[in-house]
K.L.:
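Pasting a structure below so you can have a look.
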Amino acid sequence: MAWTGDPTWLADVLRAEGLKVIEQGAWLSSGHDDFSDIRGVLCHHTAGGGTSDWLIVQNGRPDLEGPLAQLVLERDGTFRVIAAGVCWHAGRGSWPGWPTNNANYHTIGIEAVNSGTGSQEWPAVQLDAYKRGCAAILRRIGRSANDCVAHREYSSEGKIDPYGIDMDAFRRDVQKIIDQDPGGDEMALQETFKNYKGETVTLGTAVRYMDEYINQIREQLGGPKPFAGWPQLDDKTVVDSLADAHRKIDAITTAINGLTESFGSKAA
Ligand SMILES: [Zn+2]
């Protein structure tokens, strides 16, 4: 199993999936230990249901030191990124392909805000974000929806979370999102080709320089942002100012030609 280290990419991967993300201050240095490899996602509910549930996940409980999970999913579909290191969320249990009683060291925990008693619905926006968040993580670690697991499916300690979510249907939807693979665009940017100087560059590098140079040329022609023209050209762009100069030169030439003909005829 390849060493993948801590998931310092969590916020980026979720944002790339189009999800709302709040990064809690010290998340990159939070956690109880470093990951060796990440094999899946363990899905939980907070068993609270309020807007301050995330504080418990971050800071812990009297009987368990925080952080308690890498991610909190708010009811409006926003992900709070709490920690990049190992968190205490899994407890004892097993799942095919995961080390028994050691899921904390091999899974990312998502604590979704819900009372966990059936008294709260799962809002569509939260459920949609839950599936897309799981899919984005699994795609990043090269795993399928089979490694998207409910705490109650893993646990040998009688856990019930996430209450009210049909995990087989959930996994089918997660796999569909994984298969859509918006990561394809990112892959395309890694493709290389020879540029006009004959250098081998990636498409991403080429796009970066195109953006810079095209905007420099646009500013030179049109004036500084937002292209209001140049003060020394009476707030005209280079092209409009040149056209004006041409018109003036034409008018002067016509006038001179007229004077020359007039003097010529008197001299004769
Ligand atoms: Zn749980």
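Not measured: the values here are computed from a predicted model. As the structure lists them, so they are numbered: ligands from 1, and atoms in each ligand from 1.
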K.L.:
Quick one: report the N, O or S atom of Asp161 that is nearest to the Zn ion (ligand 1).
P.N.:
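The nearest such atom is OD2.
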K.L.:
Does either side chain, that of Asp179 or that of Gln175, offer a donor lying less than 3.5 Å from an acceptor on the other one?
P.N.:
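Yes, side-chain donor-acceptor contact under 3.5 Å.
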K.L.:
Give me the atom names and distance for the closest heavy-atom approach of His151 to Ala90.
P.N.:
NE2-O, 2.8 Å
K.L.:
N/O/S atom of His89 under 2.8 Å from the Zn ion (ligand 1), yes or no?
P.N.:
no
K.L.:
Quick check: does Glu111 have an N/O/S atom under 2.8 Å of the Zn ion (ligand 1)?
P.N.:
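No - counting backbone and side chain alike, Glu111 has no N, O or S atom under 2.8 Å.
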K.L.:
Regarding Trp27 and Glu23, is there a side-chain donor-to-acceptor distance under 3.5 Å anywhere?
P.N.:
yes
K.L.:
Is there an N/O/S atom in His151 that lies less than 2.8 Å from the Zn ion (ligand 1)?
P.N.:
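It does: His151 brings an N, O or S atom closer than 2.8 Å to the Zn ion (ligand 1).
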K.L.:
Tell me the ring-ring contact (aromatic ring centres under 6.0 Å, His included) pairs involving residues 159-179, sequence neighbours left out?
P.N.:
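Pairs touching residues 159-179 that pass the test: Tyr130-Phe170.
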K.L.:
Could you identify the N, O or S atom of His44 positioned closest to the Zn ion (ligand 1)?
P.N.:
ND1
K.L.:
Going by atom types alone, do Thr8 and Asp6 pair a side-chain donor with an acceptor below 3.5 Å?
P.N.:
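No, Asp6 and Thr8 have no side-chain donor paired with an acceptor closer than 3.5 Å.
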